[in-house]
Amino acid sequence: MNESQHGQMSAWFTGPNAENGDQFLQMISRVFEDYTYWRRNYFPQDGIVLGSHERRDNEPFQDEFEDRLTELLARLKDDLPFYSPRYAGHMMSEQTLPSIAGLFAGILYNPNNVSVEAAPVTVDLELEVSCMISKMLGHDGRAWSHITSGGTVANFESLWLARTVRLLPFLIVDIAKQIGLENPLGTSDRDQLLNLNPQACLEAFERLDLAASGSASVGHERFVEAYQASHFSPADAGIAEAAAAAELDLVLLVPQTGHYCMPKALDLLGLGRRSLVQVPVDSDFRMDTAALRSILLDLDREGKTPLAVAAIMGSTECGAVDPVDQVLDIRAEREAAGLSSFWIHADAAYGGYLRTMVVPERIGLGAPTTRVMVAGRELDLDISLPDPGACNALERLGECDSIAVDPHKLGYVPYPAGAVSFKSNLVKPLARQEARYISEPSEGVAAERDDQSIGVYILEGSKPGAAAASLWLSHTLIPLDSTGHGVLMQETVRSAAELYTLLERWPELAGASTVQAVPLCPPGSNIVCFAFK
């Protein structure tokens, strides 16, 4: 990293010693002053509601308020210094100054981003910043994305929709039969239905609705009635009845490094934790795709159907990036061979922002050497940078059907801020819930693609618009590409590689000691697993 890049990044954060604190305090004061000005000038003719005498009578409460605040501030100082370069105990990140300012400003207005009525400004901010995140992840203008409370909810939503899309070909055949229209899939053969790519099923679903809506004798409402009446609709009939009707024994394939929210999701979806199939990982803790290919063939012989394969893009324990490019190739091979296809989900909760290093082009990780200061000595050391295969995987991330990502991790924004991005916005009608008080009734699958509503399509019933304000301000100032955020990612990966080398060479560098450093494996991104004994 050159001096100009370091100077650029130095303005993004408070600094380990609050070097940018004074200037940021002025900005925060400006935010609150602007907010109070807004209140005082909203119908100023209403006059004073809380008079001076009344405020003086509240002095005991104000005294108690100050005391409890002092206590709270004191207790918070027992927290951990996640912001400090000296802290290396957990995958916690510093927050950018713009994200803190955006969150603080948004909290004052307290919008609920479940609907435009409850959040007339921050819903627009969420839609804007969600598009930025989708683009960063590799999804194009046909994608649908939104902010969640975190990666767990993002993963839940992805598997929730994957479940419905797995049954969608059977639904389409049944709906077409019920309403007397031609089956847009061109087949009702079970094996051929399972062989269909998820995106092809979504497009066929839209075509059938357009045909129904354009038919004087059918119409969109009859299409919806047939959908809801079908035994193949997991949302209406339940997953047990729908899977039984399609004769499906569904399983989810996840590498051994998968997050614990995956079995939790299977529990909530009614598929059960026993539906989880673990795929072995290699010595660098990445999914073993040869093992994946073999397991899928075993499942074929056992009569089990893959609901989805979830690749981990930055595992929680060691930051390993699964070769999702190879997973995509395996799916294409199976589709060409007439075998069952499957939904591909990327759990990029931790590592999604690493993709900023490869868009619009790879910036690389620099020379495999570094200069460090150890015990007053300046040394040049060779470092082991992550395998380039991680970049190959990140470049093809946008081909996944769904992606979960956590801005509150490597996006450097405050909690709560996760996000989910779907390759196609055609998943929206499959997720839709009727809530007449926040949205108009559906006008058809095609119309829902452009619907600007959020609340009727998501799991959460309330969510802070302040999170959208936080993300929007940070991501509009720090570009989500290799000219901005990617430079920061590059530096953190190099720092991890440097730390690993220092730990590996501990005896040589630290001299005689009863303490041993035990690093687990070379970092796959910017996490280093190590212990001292």
Side-chain angles (χ1 to χ4, degrees), residues 148 150-172 174 190-191 193-198 201-202 205 227-228 230-280 287 291-292 295-312 322 327 331 334 339-347 349 400-404 420 422 427 430-433 457-460:
T148 67
T152 292
V153 171
N155 282 319
F156 282 178
E157 286 200 12
S158 299
L159 297 178
W160 179 41
L161 270 298
R163 173 210 64 176
T164 303
V165 174
R166 176 75 283 184
L167 285 148
L168 193 57
F170 299 92
L171 256 168
I172 291 171
D174 189 39
R190 183 177 180 277
D191 290 340
L193 293 179
L194 291 176
N195 175 247
L196 292 169
N197 183 276
C201 295
L202 288 166
F205 183 65
Y227 179 100
Q228 294 173 339
S230 176
H231 292 298
F232 300 105
S233 170
D236 297 287
I239 187 60
E241 181 177 331
E247 300 179 359
L248 296 181
D249 186 356
L250 297 172
V251 294
L252 171 66
L253 292 92
V254 180
Q256 293 170 321
T257 51
H259 192 265
Y260 73 94
C261 73
M262 293 296 179
K264 192 193 306 186
L266 290 173
D267 177 6
L268 289 173
L269 289 172
L271 291 167
R273 298 173 189 269
R274 293 174 190 165
S275 299
L276 182 72
V277 176
Q278 289 194 328
V279 181
M287 180 192 287
L292 171 66
I295 289 171
L296 286 166
L297 292 173
D298 288 342
L299 293 173
D300 294 336
R301 288 188 284 269
E302 295 168 12
K304 296 184 178 182
T305 304
L307 163 68
V309 172
I312 313 302
D322 282 342
V327 177
R331 179 172 71 175
R334 288 178 60 84
L339 299 173
S340 177
S341 183
F342 48 84
W343 184 276
I344 296 180
H345 172 62
D347 179 2
C400 295
D401 300 296
S402 58
I403 307 169
V420 60
F422 293 93
V427 299
L430 303 179
R432 186 183 181 92
Q433 310 294 313
Y457 301 114
I458 66 175
L459 288 177
E460 294 162 288

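Nearest approach of A349 to G151, heavy atoms of both residues: CB-CA, 4.3 Å. Between L196 and P169, the closest heavy-atom pair is CD1-CB, 4.2 Å. Nearest heavy atom pair, residue D249 against residue G303, reads CB-O, 4.1 Å. When all heavy atoms of L307 and R163 are compared, the pair lying nearest together is CD1-CA, 3.4 Å. Between R334 and S340, the closest heavy-atom pair is NE-O, 3.0 Å.
Looking at M287 and V309, their side chains come closer than 4.5 Å, going by heavy atoms from C-beta outward. For the pair L271 and L252, the minimum side-chain heavy-atom distance is 4.5 Å or more. Side-chain contact check for D174 versus H231: every heavy-atom pair is 4.5 Å or farther apart. Side-chain contact between L430 and L168 is present, with at least one heavy-atom pair separated by less than 4.5 Å. D236 has its side chain within reach of Y227: a pair of non-hydrogen atoms, C-beta onward, lies under 4.5 Å apart. Counting heavy atoms from C-beta outward, F205 and V165 have side chains that stay 4.5 Å or more apart. For the pair I295/P280, a side-chain contact is recorded, criterion being any heavy-atom separation below 4.5 Å from C-beta on. Side-chain atoms of T148 and L459, non-hydrogen and from C-beta on, never get closer than 4.5 Å to each other.
Side-chain N or O atoms of H345 include none that pairs as donor or acceptor with a backbone N or O of S158 at under 3.5 Å. Remark: side-chain polar atoms of D267 are not paired, donor with acceptor, to backbone N or O of G272 under 3.5 angstrom. The main-chain N or O of D300 is never found under 3.5 Å from a side-chain atom of E302 such that the two would form a donor-acceptor pair. With hydrogens and angles disregarded, a donor-acceptor distance shorter than 3.5 Å links the side chain of R166 to the backbone of P306.
A salt bridge links D298 and R301; the closest N-O separation between the charged side-chain nitrogens and carboxylate oxygens is under 4.0 Å. Residues R331 and D401 are paired through a salt bridge, judged by an N-O separation under 4.0 Å between the basic side chain and the carboxylate.
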Inset, instruction - Evaluate the side-chain contact (heavy atoms from CB on, under 4.5 Å) criterion for residues V251 and T305: first the C-alpha distance (whole Å), next the side-chain angles of each, then the deciding distance (0.1 Å), finally the verdict. - result: CA-CA 6 Å; V251 294; T305 304; over 6 Å; no
Legend entry - L266 and R274: CA distance, side-chain angles, deciding distance, side-chain contact (heavy atoms from CB on, under 4.5 Å) verdict: CA-CA 9 Å; L266 290 173; R274 293 174 190 165; over 6 Å; no
Inset, instruction - Apply the test side-chain contact (heavy atoms from CB on, under 4.5 Å) to residues R190 and F170: give CA-CA distance (whole Å), side-chain angles for both, the deciding distance (0.1 Å), then the verdict. - result: CA-CA 8 Å; R190 183 177 180 277; F170 299 92; 4.1 Å; yes
Legend entry - Pair E460-V153, side-chain contact (heavy atoms from CB on, under 4.5 Å): steps then yes or no: CA-CA 8 Å; E460 294 162 288; V153 171; 3.9 Å; yes
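A distance of 6.0 Å separates CG in L248 from CG in L194, rounded to the nearest 0.5 Å. Rounding to the nearest 0.5 Å gives a distance of 12.0 Å between CG of L161 and OH of Y457. In this structure, I239 CD1 and E241 CD are separated by 10.5 Å, a value rounded to the nearest 0.5 Å. Here the straight-line distance linking atom CZ of F342 with atom CG of L299 works out to 10.5 Å at 0.5 Å rounding. Put simply, OG1 on T257 and CG on D347 are 9.0 Å apart, with the number rounded to the nearest 0.5 Å. Of the inter-residue distances, the one linking F422 atom CZ with W343 atom CH2 reads 6.0 Å to the nearest 0.5 angstrom.
Side chains of N195 and S341: no donor on one and acceptor on the other come within 3.5 Å.
In terms of the side-chain hydrogen bond (donor to acceptor under 3.5 Å, both in side chains) criterion, Q278 has no residue partners (sequence neighbours excluded).
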